[in-house]
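This report concerns only the one structure given below.
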Number of protein chains: 4
Amino acid sequence: MPRVAAEVRAKREGARRTQILEAAAHVFSRKGFAGATISEIARAAKLSEGSIYNYFRSKEDLLINIPQHLVQSVLVPLAGDAPVPATPEEAERLLRLLAGAMVDRVRAHAPFLKVFLSTLPYLSPAARRAYMQLLPTYAAEVLERFLREGARRGVFRKDLNPVIAARALPGMLLMFLMTQEVLLGRQMIRYGYDEIVPEAVHIFLYGAAPREARARIRHPEGGRT
Amino acid sequence: MPRVAAEVRAKREGARRTQILEAAAHVFSRKGFAGATISEIARAAKLSEGSIYNYFRSKEDLLINIPQHLVQSVLVPLAGDAPVPATPEEAERLLRLLAGAMVDRVRAHAPFLKVFLSTLPYLSPAARRAYMQLLPTYAAEVLERFLREGARRGVFRKDLNPVIAARALPGMLLMFLMTQEVLLGRQMIRYGYDEIVPEAVHIFLYGAAPREARARIRHPEGGRT
Amino acid sequence: MPRVAAEVRAKREGARRTQILEAAAHVFSRKGFAGATISEIARAAKLSEGSIYNYFRSKEDLLINIPQHLVQSVLVPLAGDAPVPATPEEAERLLRLLAGAMVDRVRAHAPFLKVFLSTLPYLSPAARRAYMQLLPTYAAEVLERFLREGARRGVFRKDLNPVIAARALPGMLLMFLMTQEVLLGRQMIRYGYDEIVPEAVHIFLYGAAPREARARIRHPEGGRT
Amino acid sequence: MPRVAAEVRAKREGARRTQILEAAAHVFSRKGFAGATISEIARAAKLSEGSIYNYFRSKEDLLINIPQHLVQSVLVPLAGDAPVPATPEEAERLLRLLAGAMVDRVRAHAPFLKVFLSTLPYLSPAARRAYMQLLPTYAAEVLERFLREGARRGVFRKDLNPVIAARALPGMLLMFLMTQEVLLGRQMIRYGYDEIVPEAVHIFLYGAAPREARARIRHPEGGRT
DNA sequence: GATGAATGAGTCTTCATTCAT
DNA sequence: TATGAATGAAGACTCATTCAT
């Protein structure tokens, strides 16, 4: 068998898979996983129902493969090689960039996130874990390193908990993203992300308390609720 | 017809509805909306399938009515009448209480939140809006007032945007709650909420930057992405 | 709950099951298991497709239950209490009766036997075993006892192997039954069962060899092929 | 066109057909006709699915052609030219050989016989007839001639019905073969074929009745059930 | 001739909903 | 009002067959 033919075939198979997954993602995001039908996905992919099964084992298999082939490239290299900041001003600039990028991505992939959120809780544990690893973990780890390094250089508090903080900052934005983009599908407050992002980053860096108050304060030491 | 009988009837009908909705909420949270069957809900409610249709028009009708009867009372009056703080220390204490309460509630209702998240994006817009109003909005408005008042009294920065900030604080916690309680169902980081909540509140109040840095800083003024 | 209602319900359920199984047996015997469709069975049972599944878990479940509820009573008490013969003449008379009864039964249930034969080899081992026990085993054991007792009383050869002989006699007839009734569905030779049965029984009792030859013969002593 | 090429082509076509039929027989016997797929047969034949349709019109066409090309040569010439026996002792020896050969063949082809049994009842009448002629008929006719000749020479009873008897002897063994080899796939009684065959042949020749009884007996004269 | 992707008709099975009792 | 059997529409999935390459 000529190797060329095999390559061509492999490429065409890849194209078909992408074509189907795009159709599936589209239908899933409009109807949800349960509400989507293979028939509709096939129509969207301009294929017959049977053909779908030449490339994927089941409807759930489609779902599981969507992030791998479709969203992957977008989610992973979020802040791959963010430089370590030298000053708070630089930190603020970098964090705004990072946060802005995160917002853009979530907004761009809101349809997929809907599917993700509505399906995940009822997937098999294995599928769930595989799914989860794709998402915020990586971003959080990058940010964690960023904070840890920055703290060592005195750009952040020495007593800052980088694990918690690295999730708190995206969380601030997540609230807006979740309600506006994913759940409601429309804006709820009168501020745009160009106002939200700087404000959130500023709070993250300098807090909500007035300047005088900050001067007196030390690190929290636990004790909850 | 004696009015007493009518009252008794109405009360019994209400009891039946509650009984059914509780069963439905229970089954929905284990199986999801699509995965739940009327048969299973009927069994959980110790009724027959037919009887459910004497009280609700359809399966979706059950879903729509769950928050009205069940969750409302639990989620809404989160911080109904939080006092206005006089000092930053008191604000920190109050915010810790508020945040802790929010965490407790979300954790207690995680199963229902799963249903909420998985179903909401695909409901009719009207149902979606009705659903949404019950949840974080109200809490956010309470917090918003709290911040606005506090700012006026100098406990928070004068230039703090209370609308954004009131959503940023719950968001910080939301990140942990979403991934751990709702999506994954297990702890992901090595800190418990008794460490997360104070740290988040502290960041919210005083920021991640070191004290010296804060002294120099002014308010952000927009410019994004 | 009144017990009477439960009884009525149980009886009606039994009637429905029988009704469905009869329809299934009918369709299976015409089309085979694989060729039959639930839709056709439902039509034959004058029910909707869905109703079938209120009484049986699957198409295979129908198949497995057919002998239990339908054919059982016919196959089991074949020669339940055949008297022990005192003379060879009586033995011949009794064996003709027995063989004739067997022929009648197989012919009466030929449609079911078709299904049985075509399906059995591809059932799960457990189902297969359960299925098998219903059929020739019992008949063979009755005959075995009959031969063993007869041999003790001198009506059959003392050195006759009753286990083998008890299967050889039905086997003689089985050849005709299998080819004519089950496989071909029409007569293949010019003799009817009223001639076949006596001849087979006679051979079974007195052999194909001429009288003179028999006088000289002893028992076989193994050594095969 | 050169005739040589045509011959080569015909021969290659024959080889391809055999290759496919062997694969089909193999798959059919493991999965049954309905359970087998063209895809699996193609894999077993080391061909593509499409190629099969260059040689056979349909899946059923494969089934119908299996005996012609495969089983024919094995099953047919069972006792092609059995010599006519001169004495009862020789007859017994020959019959044992014949019966043993039959047992061996059935056992060797048990997998195919399963397919045969499960498929035949639901084939078209024509296919059924074609199928049937290959099998026991021919063997029975050989045995019939053997018995008829032997009777003429006084080795068997003059009043023996050779048509019936020629089917009764194989039938004796058929009972064991059917239950053990075809239906159950495992031994059911504690005797091996090396004991079953001689015993069955002995019964066939000399009967189950004791010697004294035989001396008194005449031919049966009908009258049934 | 060989290939194997594409097709779509055909099946089993599920389940929300209805309705006679 | 309560029941639960009956219904049948709908959907995932299979696979024999076709056909462009």
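Quick note on labels: first sequence line is chain A, next is B, and so on, each numbered from 1. These figures come from a predicted structure and were not determined experimentally.
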- Message: Are there runs of at least three consecutive Watson-Crick or G-U pairs touching DNA chain F, with each pair's two distances under 3.5 angstrom? Give them by first number.
- Response: E:2-21 with F:2-21
- Taking every heavy atom of A/Tyr122 against every heavy atom of B/Ser118, the minimum-distance pair comes out as CE1-OG, 3.5 Å
- Query: Start at the 5' end of DNA chain F and walk down; is the nucleotide closest to A/Glu60 or to D/Ser39 reached first?
  - Reply: A/Glu60
Within this structure, what is the [atom1]-to-[atom2] distance between [X] and [N], rounded to whole angstrom?
| X | N | atom1 | atom2 | answer |
| --- | --- | --- | --- | --- |
| A/Lys46 | E/dG8 | NZ | P | 15 Å |
| B/Glu40 | E/dA16 | CD | P | 10 Å |
| C/Lys11 | F/dA5 | NZ | P | 17 Å |
| C/Glu13 | F/dT3 | CD | P | 18 Å |
| A/Asp61 | F/dA12 | CG | P | 14 Å |
| C/Ile20 | F/dA5 | CD1 | C1' | 11 Å |
| A/Ile41 | F/dC13 | CD1 | P | 10 Å |
| D/Arg43 | E/dG4 | CZ | P | 12 Å |

- Message: For a quick check of understanding: with a heavy-atom distance under 4.0 Å over all strands, which category does A/Ala36 fall into, base, sugar-phosphate or nothing?
- Response: sugar-phosphate
Interatomic distance, [X] atom [atom1] to [Y] atom [atom2] [nearest 0.5 angstrom]:
| X | Y | atom1 | atom2 | result |
| --- | --- | --- | --- | --- |
| D/Glu60 | D/Phe33 | CD | CZ | 5.5 Å |
| B/Ile64 | B/Phe56 | CD1 | CZ | 11.0 Å |
| B/Ile41 | B/Leu47 | CD1 | CG | 11.5 Å |

- Got a sec, which pairs hit salt bridge (charged side-chain N to carboxylate O under 4.0 Å, His left out) with one end in residues 29-51 of chain C, sequence neighbours left out? C/Arg30-C/Glu40, C/Lys31-C/Glu40
- DNA chain F contacts made by residues 47-59 of chain B, counting heavy atoms under 4.0 Å: B/Leu47, B/Ser48, B/Gly50, B/Ser51, B/Asn54, B/Tyr55
- Task: Show your reasoning for whether side-chain contact (heavy atoms from CB on, under 4.5 Å) applies to A/Tyr53 and A/Ile38.
- Result: CA-CA 10 Å; A/Tyr53 289 89; A/Ile38 292 289; 3.5 Å; yes
- Could you tell me whether the side chain of C/Ile52 reaches within less than 4.5 Å of the side chain of C/Leu62, counting heavy atoms only? yes
- The answer to which of B/Gly35 and C/Ile38 contacts DNA chain E further toward the 5' end, by nearest nucleotide, is C/Ile38
- Message: Tell me whether the side-chain N/O atoms of B/Arg16 come closer than 4.0 Å to OP1 or OP2 in F/dA2.
- Response: yes
- Task: Give a yes or no answer on whether the side chain of B/Thr119 reaches the backbone of B/Phe116 with a donor-acceptor pair at less than 3.5 Å.
- Result: no
- Counting only N and O atoms by type, is there a donor-acceptor contact under 3.5 Å from the side chain of B/Lys114 to the main-chain atoms of A/Leu120? no
